[in-house]
Amino acid sequence: MVLAGILVLAAQLFVGTDIGSSFLSRYPGQYEKPEVLGGYPWWLNWAHFFNAFLMVLIIKTGIQIRRETKPEAYWTPKWNKKRRISLTIWTHNALDLLWVLNGVVFVVLLGVTGYWSRVVPTSWEVFPNALSAALQYVSLDWPTAGDWAHYNSAQELAYFATIFIAAPLAITTGVRMSGLWPSDKPNLNKAFPVEWARAVHFPVMVYFTAFILVHVILVFATGALRNLNHIYTGQDATNWTGFWLFVLSLIVIIGAALATRPVIIAPVASLFGRVGR
Ligand code: HEM
């Protein structure tokens, strides 16, 4: 708390100096983006919800895998009787497949519709502007949103890093540790050692968790009703529709998190292999 207080004071002092204020007027926190599309199409609203739903379950089963000393059940694929993984790893991987599918559809649609330019920096000006937006957050004089989908540069960099750096890192390191990786290719295994994958996969999960926390706190602290309408209904309105959809989505997510247990998962996993102790 003391450190946070010192940071806030230091940022406020800096912003109050001539150098600080001319930096902020030169870089207001976002740069000109004439080509950016406004609004949230229905597919983005859906992909965003399904992503949050899957991420909660993926993080939950990921932590479970690390903690598990004696799995309650194992799964053996129909096509490889020699392989055996815990039912928790099976659940984690099944969710990962859905998450990757959702992510690929999302990125392809971002690309073909032009919405990509909202989350991909298109100028080097993004860096000083992100610093400016960060300074404004830390000095507790938050950047005010302009256009309803023209993100400030700190937000743009965070979304870019999440979609185009953290997600691909999670996928490649996850595939390296999974049965999908061709373990009979020594050169390939040497080029990308499994130890690297293990060392990176967990910190990426920590990044996602921190991102989600800060992201949701900012959604609520910067006009909750309006923001929730953007991402749940695609409308720029200040009413309670988005909020109630958010509550409903939380009930669905918590319900699914409680339901990911062996009695419910085993019958599903049995469709693709043999489940036993
Ligand atoms: C239930 C929890 C969540 C809520 C309430 C929420 C809310 C929002 C809102 C309101 C926006 C639009 C921002 C604005 O209007 O300025 C947004 C955009 C975004 N969110 Fe979330 N979010 C949640 C979970 C997540 C998760 C788990 C991720 C990924 C790790 C994520 C990644 C993103 C991304 C990448 C965008 C930008 C989308 C684009 O414009 O293409 N969100 N979110």
Side-chain angles (χ1 to χ4, degrees), residues 46-108 162-163 166-209 211-212 249-277:
W46 166 257
H48 181 270
F49 158 71
F50 196 41
N51 171 68
F53 171 87
L54 290 168
M55 286 216 81
V56 169
L57 301 183
I58 289 170
I59 292 173
K60 179 199 167 209
T61 50
I63 292 171
Q64 246 174 309
I65 292 170
R66 284 173 73 90
R67 290 208 170 150
E68 207 162 53
T69 44
K70 189 171 180 323
E72 281 187 60
Y74 288 91
W75 176 82
T76 303
K78 272 184 186 157
W79 52 92
N80 182 358
K81 299 274 185 300
K82 282 197 230 110
R83 232 182 132 240
R84 194 173 85 135
I85 56 173
S86 76
L87 193 60
T88 318
I89 294 182
W90 182 84
T91 314
H92 188 70
N93 289 355
L95 293 162
D96 295 338
L97 279 179
L98 292 175
W99 182 70
V100 171
L101 201 71
N102 185 52
V104 168
V105 170
F106 170 68
V107 169
V108 168
T162 305
I163 304 170
L169 268 179
I171 299 166
T172 39
T173 53
V175 166
R176 178 64 185 93
M177 292 186 287
S178 80
L180 284 178
W181 183 262
S183 50
D184 54 349
K185 304 259 186 322
N187 287 342
L188 203 62
N189 290 339
K190 245 218 235 123
F192 184 10
V194 72
E195 291 74 23
W196 289 10
R198 284 209 189 96
V200 172
H201 203 67
F202 182 73
V204 172
M205 185 279 274
V206 174
Y207 167 80
F208 273 122
T209 311
F211 169 86
I212 296 169
S249 77
L250 275 192
I251 295 172
V252 172
I253 292 173
I254 295 168
L258 294 175
T260 39
R261 45 179 64 215
V263 261
I264 295 173
I265 297 295
V268 186
S270 305
L271 299 173
F272 307 94
R274 208 182 65 77
V275 177
R277 277 179 189 276

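Counting from 1, the numbers follow the sequence of the chain as shown.
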Over all atoms of both residues, closest heavy-atom pair of [X] and [Y]:
X: P267; Y: P262; value: CD-O, 4.2 Å
X: A266; Y: V275; value: O-CG2, 3.8 Å
X: I89; Y: I85; value: CG2-CD1, 4.0 Å
X: L188; Y: P182; value: CD2-CG, 3.7 Å
X: A47; Y: F106; value: CB-CD1, 3.9 Å

Is K78 reaching over with its side chain to a backbone N or O of L271, donor-acceptor style, under 3.5 angstrom?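 Yes: the side chain of K78 pairs with the backbone of L271.
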Determine whether a donor-acceptor pair (N or O, by modelled atom type, separation under 3.5 Å) exists between the side chain of R176 and the backbone of F192. yes
Qualifying residue, where the test is side-chain contact (heavy atoms from CB on, under 4.5 Å) with T260 and the options are I265, T88, V56: I265
So do [Y] and [X] actually touch side chain to side chain, heavy atoms under 4.5 Å?
X: L180; Y: N93; answer: no
X: L57; Y: W99; answer: no
X: F202; Y: R66; answer: yes

Rounded to the nearest 0.5 Å, what's the gap from [atom1] on [X] to [atom2] on [Y]? Could you check?
X: F53; Y: W46; atom1: CZ; atom2: CH2; result: 8.5 Å
X: F272; Y: W75; atom1: CZ; atom2: CH2; result: 8.5 Å
X: N102; Y: L97; atom1: CG; atom2: CG; result: 12.5 Å
X: L87; Y: H92; atom1: CG; atom2: NE2; result: 13.5 Å
X: I65; Y: M177; atom1: CD1; atom2: CE; result: 8.5 Å
X: N51; Y: I163; atom1: CG; atom2: CD1; result: 9.0 Å

Inspect the surroundings of CD in E68 and state if more than 12 heavy atoms from other residues, nucleotides or ligands are less than 6.0 Å away. yes
Taking atom CZ of R83 as the centre, report whether more than 12 heavy atoms of other residues, nucleotides or ligands fall under 6.0 Å from it.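 Atom CZ in R83 is packed in, count exceeds 12.
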Might you work through the side-chain contact (heavy atoms from CB on, under 4.5 Å) test for T61 and L95, ending with a clear yes or no? CA-CA 9 Å; T61 50; L95 293 162; 4.1 Å; yes
Who passes side chain to side chain contact (heavy atoms under 4.5 Å, CB included) against T162, sequence neighbours left out?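 Testing T162 for side chain to side chain contact (heavy atoms under 4.5 Å, CB included), a comparison that skips the adjacent residues, returns Y207, F208, F211.
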